[in-house]
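The structure appears right after this line, and notes come after that.
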Amino acid sequence: MNILEHSLSDWARQRFRAVLPEGDFDGVKLDVVPTADEQFGDYQCNAAMAVAKRVRLPPREVAQRLLADGALPDGVARAEIAGPGFINFHLDDAALARRLEAMQADPRIGVPTPGEGRTVILDYSSPNIAKPMHIGHIRSTVIGNALDRLHRYLGYRVIADNHLGDWGTQFGILILGYRRFLDADALAADPIAELERLYVKSYERSKEDEAWLNEARAELVKLQQGDAENLALWRRFVELSLGEFEKIYRRLDVRFDLHRGESFYNAQLPGVIERLRALGLAEESEGALVVKLDEENLPLCIVRKSDGGFNYTTTDLATVISRAEEFAPDAVIYVTDERQQLHFKQFFAVARRMGISTRLVHVWFGLMRLPEGTFSTRQGNVIKLERLLDEAEARALAIVKESSPGMDDAQQREVARAVGIGAVKYADLSQNPQSLVTFTWDKALALDGNSAPYLQYAHARIASVRDKYAEQFPGRDFRDAPIVLTEPVEKRLARRLVRFPGVVDRAAHAYKPNMLCEYLFDLAQIYSTFYQTVPFLKAEDDVRESRVRLCDLTARVLRQGLALLGIETPERI
RNA sequence: GCGCCCGUAGCUCAGUCGGACAGAGCAUCGGAUUUCUAAUCCGGCGGUCGCAGGUUCGAAUCCUGCCGGGCGCGCCA
């Protein structure tokens with residue numbers, strides 16, 4: 001199935017060219033988009049004003065030519081020119097109904113697969129070994145996962161890779177701490193908490209004790225040289241950490257295809273340097289090896305430290321080279337916080353100079369802060385992800401027990417889990433990824449208003465309607481009667497429903513899951529009004545079927561839309 | 001000092017990379033439940049879109065300057 005806005009836009013583009021064959025439309029947006037305000041119609045084209053300038057004609061004249069001879073796109077009942085030269089399209093209700101029926105018959109509810117044959121690598125979450133996941137990790141994880149699901153749904157082959165921070169200088173400090181301060185019981189009880197304690201204690205010591213720092217460095221060198229004992233310790237740290245991360249990922253229903261940490265590329269780092277040298281890109285400077293990026297207007301980029309060690313850029317280069325060779329992706333998408341913007345600009349610039357033509361995208365998001373400022377392990381004001389999820393489920397459970405006292409205990413817990421986790425994810429996904437985020441419990445755990453539970457509730461109500469329909473009208477199938485749009489709110493609902501495929505497409509390609517959230521909330525609001533004001537089970541034959549069909553389609557869009565955000569939709573709430 | 005990002009209603013945020021009188025949620029005030037799940041719906045209150053210029057038929061959106069905040073600027077990731 002095609003996307004409605006796309007076919008309308010295609011029509012407009014063709015019309016402009018046909019009507020003004022001499023026109024130069026380079027760089028002019030000829031698209032048709034949903035109207036900002038329903039009173040103007042359903043879709044609008046604003047291109048006449050821009051085109052008018054190019055062809056030196058009055059804007060309304062251009063618009064009139066476009067609509068000359070009553071030309072209209074398929075599915076449009078009428079078009080009119082308004083204001084300075086807006087072209088407003090009004091959909092034909094019968095054609096709209098047929099379109100909804102086609103969506104309903106389609107398992108994919110009208111969403112095409114433009115990503116067919118393309119591969120995308122998504123690099124997200126990427127926590128550091130031996131540290132707990134805290135609320136700062138949730139954005140990369142939840143946004144990255146939503147982009148993963150969106151791209152997969154659009155037909156892309158997605159390779160989700162958790163690029164763990166499992167290598168680097170911190171391991172010298174940790175190994176030393178482990179050797180001197182280990183509390184075996186604590187490690188057994190809560191591995192990451194103990195590893196973190198060991199790290200922090202050893203780190204503090206290294207700040208004031210030169211000898212300690214040197215010892216830590218020595219441990220690091222041993223590890224890097226392949227010392228059997230340190231390597232075994234390192235493996236243990238990785239295993240313990242992954243086990244803990246996996247618990248969180250299971251709760252969040254996040255799955256990776258690969259867990260290739262920085263260590264995976266360790267052996268390839270010298271090769272990267274050689275290649276940079278061979279290409280004449282790298283040069284010595286103050287003992288380090290650097291790539292100058294004057295042409296790109298960027299600060300120079302260090303690819304090998306003066307002590308001979310490698311850094312983040314080197315690892316990222318090795319990683320992208322390896323990925324390009326192994327998977328031949330069309331794009332690699334990195335989801336990290338805003339602080340890494342410069343790093344990625346530099347890294348992308350160097351990669352391009354090395355001849356890597358793969359599209360590289362940095363999707364950055366605003367750093368999570370606490371009302372009192374930033375948080376860090378050292379300040380000891382981190383809020384662990386596990387605690388956030390526990391709290392979310394607990395708050396949800398309290399509400400479930402209150403509003404659904406008849407439900408059995410196990411089901412209450414199950415609903416509370418889906419609602420609580422959904423609320424946390426939605427809180428993060430529903431705002432522009434790039435805006436600053438200040439964490440507050442009430443915001444992260446909002447259960448009313450524009451929130452996942454509101455959407456889940458709307459969905460559950462429809463599930464109940466479908467059940468009641470089956471109960472009261474056994475042997476009938478609501479799909480047997482055509483969709484007929486009569487009530488105003490019914491028409492509004494129909495017009496929202498057909499937008500779904502376009503929204504999924506846009507949200508994925510703009511890397512903005514919040515666009516999908518906004519749509520789903522809007523849809524659920526209109527549905528709620530529909531539900532409140534129009535009878536359906538009590539309506540007469542055929543009208544009832546038509547309305548139940550709309551309910552069913554709304555439920556499926558909500559369910560699929562939320563699934564693309566990684567949010568569950570229980571049948572009962 | 002240089003660079004990136006942000007400043008929209010009392011609070012939290014949208015605003016489809018210039019389009020038609022600026023939208024939600026929360027809070028607050030007032031209504032709706034013998035009827036399909038009230039975690040709902042309907043209505044009221046509330047904004048000189050940080051400030052000042054500029055470009056344009058048209059600016060919250062683009063440009064310049066200023067004010068305020070966040071982040072980053074070789075050898076941490």
Side-chain angles (χ1 to χ4, degrees), chain A residues 5 29 31 33-37 39-40 44 46 49-50 52-53 59 82-86 88 126 128 165 167-170 262 285-290 297-307 309-313 315-316 336-343 345-346 364 366-367 369 373-374 396 399-400 402-404 419 427 430-432 434-438 440 442-443 446-451 453-454 456-458 460-465 468-469 472 502-503 506-507 510 512 514-515 517-519 521-522 525 528-529 531-539 547-548 551 572-573:
Chain A
E5 316 157 44
K29 242 180 73 184
D31 295 6
V33 296
T35 49
D37 192 325
Q39 67 167 318
F40 299 126
Q44 66 182 104
N46 304 331
M49 280 89 79
K53 207 168 289 180
F86 298 107
N88 295 328
S126 311
N128 289 324
W167 201 249
T169 50
Q170 75 267 30
E262 291 158 10
S285 168
E286 295 177 26
L289 198 68
V290 306
N297 239 324
L298 293 169
L300 59 75
C301 178
I302 295 178
V303 292
R304 198 189 62 200
K305 300 188 279 185
S306 53
D307 66 0
F310 305 107
N311 64 9
Y312 195 26
T313 307
T315 309
D316 272 345
T336 81
D337 74 58
E338 59 186 328
R339 290 175 302 184
Q340 301 192 27
Q341 287 180 81
L342 179 58
H343 162 71
K345 280 182 191 168
Q346 293 178 311
W364 59 267
L367 199 59
R369 292 167 186 75
T374 52
I399 293 175
V400 172
E402 195 181 323
S403 52
S404 304
V419 167
S430 61
Q431 54 186 304
N432 186 330
Q434 303 193 338
S435 51
L436 251 76
V437 177
T438 302
T440 60
D442 285 341
K443 198 180 5 157
L447 301 173
D448 53 5
N450 186 356
S451 68
Y454 178 86
Q456 289 168 322
Y457 180 69
R461 275 165 134 189
I462 306 176
S464 169
V465 167
K468 288 228 159 63
Y469 177 84
Q472 292 173 23
V503 170
R506 272 210 313 276
K512 286 187 170 180
N514 68 304
M515 292 173 76
C517 293
E518 196 184 341
Y519 167 80
F521 180 60
D522 189 40
Q525 276 186 312
S528 295
T529 302
Y531 179 90
Q532 207 83 18
T533 54
V534 177
F536 18 93
L537 290 181
K538 294 189 166 64
R547 288 179 181 162
V548 174
C551 287
R572 292 282 175 278
I573 280 188

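The basis for the numbers below is simple: all heavy atoms, side chains too, and nothing from hydrogens, waters or symmetry mates. A note on names: the letters A, B, ... follow the listed sequences, proteins ahead of strands, and every chain is numbered from 1. Fair warning: this is a prediction, and the values are worked out from it, not measured in the lab.
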What integer distance in Å separates [X]:[atom1] from [N]:[atom2]?
X	N	atom1	atom2	answer
A/N46	B/A59	CG	P	14 Å
A/R547	B/C36	CZ	C1'	12 Å
A/I462	B/C36	CD1	P	16 Å
A/Q532	B/G43	CD	P	12 Å
A/Q472	B/C36	CD	P	10 Å
A/Y454	B/A39	OH	C1'	10 Å
A/L367	B/G69	CG	P	18 Å
A/K305	B/C75	NZ	P	10 Å

Which nucleotide, [options], lies nearest any side-chain atom of [X]?
X	options	result
A/S464	B/U40, B/C75, B/U37	B/U37
A/V465	B/A39, B/C36, B/G74	B/C36
A/Q44	B/U35, B/C75, B/G19	B/G19
A/Q340	B/G74, B/A77, B/A39	B/A77
A/Y312	B/G74, B/A77, B/U37	B/A77

Roughly how far apart are [X] [atom1] and [Y] [atom2], rounded to 0.5 Å?
X	Y	atom1	atom2	value
A/S464	A/I573	OG	CD1	11.5 Å
A/R547	A/K538	CZ	NZ	13.0 Å
A/Y457	A/S528	OH	OG	8.5 Å
A/H343	A/K345	NE2	NZ	13.0 Å
A/I399	A/D448	CD1	CG	7.5 Å
A/Q434	A/K512	CD	NZ	6.0 Å

State, to 0.1 Å, how close [X] and [Y] come at their nearest heavy-atom pair, and which atoms those are.
X	Y	answer
A/N432	A/S435	O-OG, 2.8 Å
A/Q431	A/N514	O-CB, 3.5 Å
A/G449	A/F521	O-CE1, 3.7 Å
A/P34	A/Q44	O-OE1, 4.3 Å
A/P59	A/P84	CB-O, 3.2 Å
A/A396	A/V419	CB-CG1, 4.0 Å

Between [N] and [M], how far apart are the two [atom1] atoms, rounded to whole Å?
N	M	atom1	result
B/A77	B/A39	C1'	43 Å
B/C29	B/A14	P	28 Å
B/C49	B/C62	C1'	16 Å
B/A22	B/G50	P	15 Å
B/U12	B/U28	C1'	16 Å
B/C63	B/G69	C1'	23 Å
B/U56	B/G46	P	36 Å
B/G19	B/G10	C1'	31 Å

NA contact type, [X], heavy-atom cut-off 4.0 Å: base, sugar-phosphate, or nothing?
X	result
A/V534	base
A/S528	sugar-phosphate
A/E286	base
A/L300	base
A/N88	base
A/V400	base
A/A510	nothing

Assign a letter to each nucleotide of nucleotides 21-29 of chain B from its 5' end: B, base within under 4.0 Å of a protein heavy atom; S, sugar-phosphate only; -, no contact. B--SSS---
Let me have a per-nucleotide readout for nucleotides 4-16 of chain B, 5' to 3', with B, S or -, counting only protein heavy atoms under 4.0 Å. SS------SSSSB
Is A/D31 paired with A/K29 through a side-chain N to carboxylate O contact shorter than 4.0 Å? no
Base of B/G74 relative to its sugar, syn (within 90° of 0) or anti? syn
Step by step, work out the side-chain contact (heavy atoms from CB on, under 4.5 Å) result for A/T313 and A/Q346. CA-CA 8 Å; A/T313 307; A/Q346 293 178 311; 5.6 Å; no
I want to check one thing: is the phosphate of B/A39, taken as OP1 and OP2, less than 4.0 Å away from some side-chain N or O of A/Y457? yes
When you check the phosphate oxygens OP1 and OP2 of B/A38, does a side-chain N or O of A/R461 lie under 4.0 Å from one of them? yes
When the nearest nucleotide of RNA chain B is assigned to A/P453 and to A/K53 on a heavy-atom basis, which residue is associated with the more 5' position? A/P453
Taking atom CD of A/Q39 as the centre, report whether more than 12 heavy atoms of other residues, nucleotides or ligands fall under 6.0 Å from it. yes
What would the secondary structure line of RNA chain B be in dot-bracket form, counting Watson-Crick and G-U wobble pairs under 3.5 Å, with [ ] for pairs that cross earlier ones and | for pairs with another strand? (((((((..((((.....[...)))).(((((.......))))).....(((((..]....))))))))))))....
